[in-house]
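Here's the structure we're looking at; comments come further down.
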Amino acid sequence: MTPVSYFPHQNNHMYVEGIAISDIAKQIQTPFYCYSSTAIETNYQDYQRAFSTQDALICYAVKANSNQAVLATLAKLGSGADVVSMGEIRRAITAGIPANKIVYSGVAKTLEEISYALSLDILQFNVESEPELALISKVATSLNKTAAIAFRINPDVCAQTHAKISTGNAENKFGVPISKARLAYKQAAALPGIKVQGVDVHIGSQLTSLAPFAEAYKRIAELVIDLRSDGHDISVVDVGGGLGITYLDEIIPSKQTYADMVTAQLSHLNCKIIIEPGRSLLGNAGILVSSVVFVKTGEERQFLMLDAGMNDLIRPSMYEAYHQIIAVDKSSNVLKTYDVVGPVCETGDTFAKAREVHQSDAGDLIAIMSSGAYGAVMSSSYNTRLLVPEVMVKGNEFAIVRKRPSYEDIIKQDITPSWL
Ligand code: LLP
């Protein structure tokens, strides 16, 4: 799937499923996120088909996009969830994802979060350290519960992705080093309230090659054999998420190729496989729609100044991420080179430099592509800009799935102290 697969132009106008983007814009005003329900469903079903020969559970990584409409769409298809906080557990449960399909990752789970997850009897805790294990054991014992656990193993493999989203190097904060894994499992088996059931690994996000995955899973398979010979009953391997998407022209292995590689590395273990995809389900299923506020001619450059900013989509300023920028109406045949920027008072509020876009004027609509994952979830109201709303489309229908708050909503959250 390319960035434009689900947002094609017909008669020079961008559509999503059966609706023109401009029709949605008229009703809700820009900026807003727009998701295609069919795109999300198709991506999920591609994973399902790819893993159909294995005992596999897809646990969608909620952090990529945690809107209730997204979670409910996936819940309906049978998806589980990979969560990293109390908030994400609550979102998943509220959307109809059953607790026995929830795996709980994260490096600093608190006592309250662990108690809550235990009270729901979730499928698995992905434990990231020995102190976390000790806390889970203590809380489980006090609640008379048993926590099913896997250690997240840091396999010391370089994911060959952006440094800020690479997690499987020895120097990263994530997981238990593979060299210490056997000792960690020995300690776990001796603790009350703990049931050792699996091994977990996640080496990073936006991977464009299968080689680092294959290397990590090979090391994990060897570890499972060692752990079994140590007497542990390992029945689950959680292979994490991380398969990338095409933002520009990256060639990404298909979900089937990925699944075949997982099978090749792990099927001899006869374990249940958990996968935790986020970006590859949502990324190209969503766009950020914005309007041009001004076209400004600087000394050397022309600027397209948008009504969306880094507070709405932070990926370009945070990771130097590339997103295609496309005019919703392409009827002008002229391409121009622009710096595409937002309204926030920081130079970093730049979506693209020297980018070719169809000639645009104030009021024209612009789509920032591939924004369905790590877009809305990372938005803020910096500069007291209203939190960006979200829309989901299915066929000829659309629904506002997160509405734009009012200024009163934002300001009333502050409390003026009595001495003022
Ligand atoms: N499982 C775990 C334990 C994770 O930490 C993550 C993502 C995933 C699964 C899902 O990975 P995915 O399939 O989406 O690659 N904000 C960054 C991405 C951060 C990813 C964090 N972990 C961005 O905008 O690129």
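In listed order, ligands and their atoms are each counted from 1.
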For Pro277, is the nearest heavy atom under 4.0 Å from an atom of ligand 1? yes
Should you measure from each heavy atom of Ala61, which atoms of ligand 1 turn up under 4.0 Å away? 8 (C), 9 (C), 10 (C)
Determine whether the side chain, the backbone, both or neither of His202 has a heavy atom under 4.0 Å from any heavy atom of ligand 1. side chain
Could I get the full list of salt bridge (charged side-chain N to carboxylate O under 4.0 Å, His left out) partners for Asp233, not counting sequence neighbours? none
At a non-hydrogen distance cut-off of under 4.0 Å, which region of Met318 contacts ligand 1 (side chain, backbone, both, or neither)? neither
Between ligand 1 and Gly242, can you find any atom pair, the residue atom being a heavy atom, that is separated by under 4.0 Å? yes
Is the ring pair Tyr33/Tyr35 parallel, tilted or perpendicular, if the boundaries are 30 and 60 degrees? parallel
Tell me which part of Arg315 gets within contact of ligand 1: side chain, backbone, both or neither, using heavy atoms under 4.0 Å. side chain
Checking the N or O distance criterion of under 3.5 Å, is ligand 1 in contact with Ser105? no
Under a 4.0 Å N-O cut-off, is there an ion pair linking Lys394 with Glu41? yes
In plain terms, say whether Lys109 and Glu132 are close enough for a salt bridge, that is, a side-chain N and a carboxylate O under 4.0 Å apart. yes
Region of Leu207 engaging ligand 1 - heavy atom pairs below 4.0 Å: neither
Say whether Thr208 and Glu250, considering side chains only, have a donor N or O and an acceptor N or O under 3.5 Å apart. no
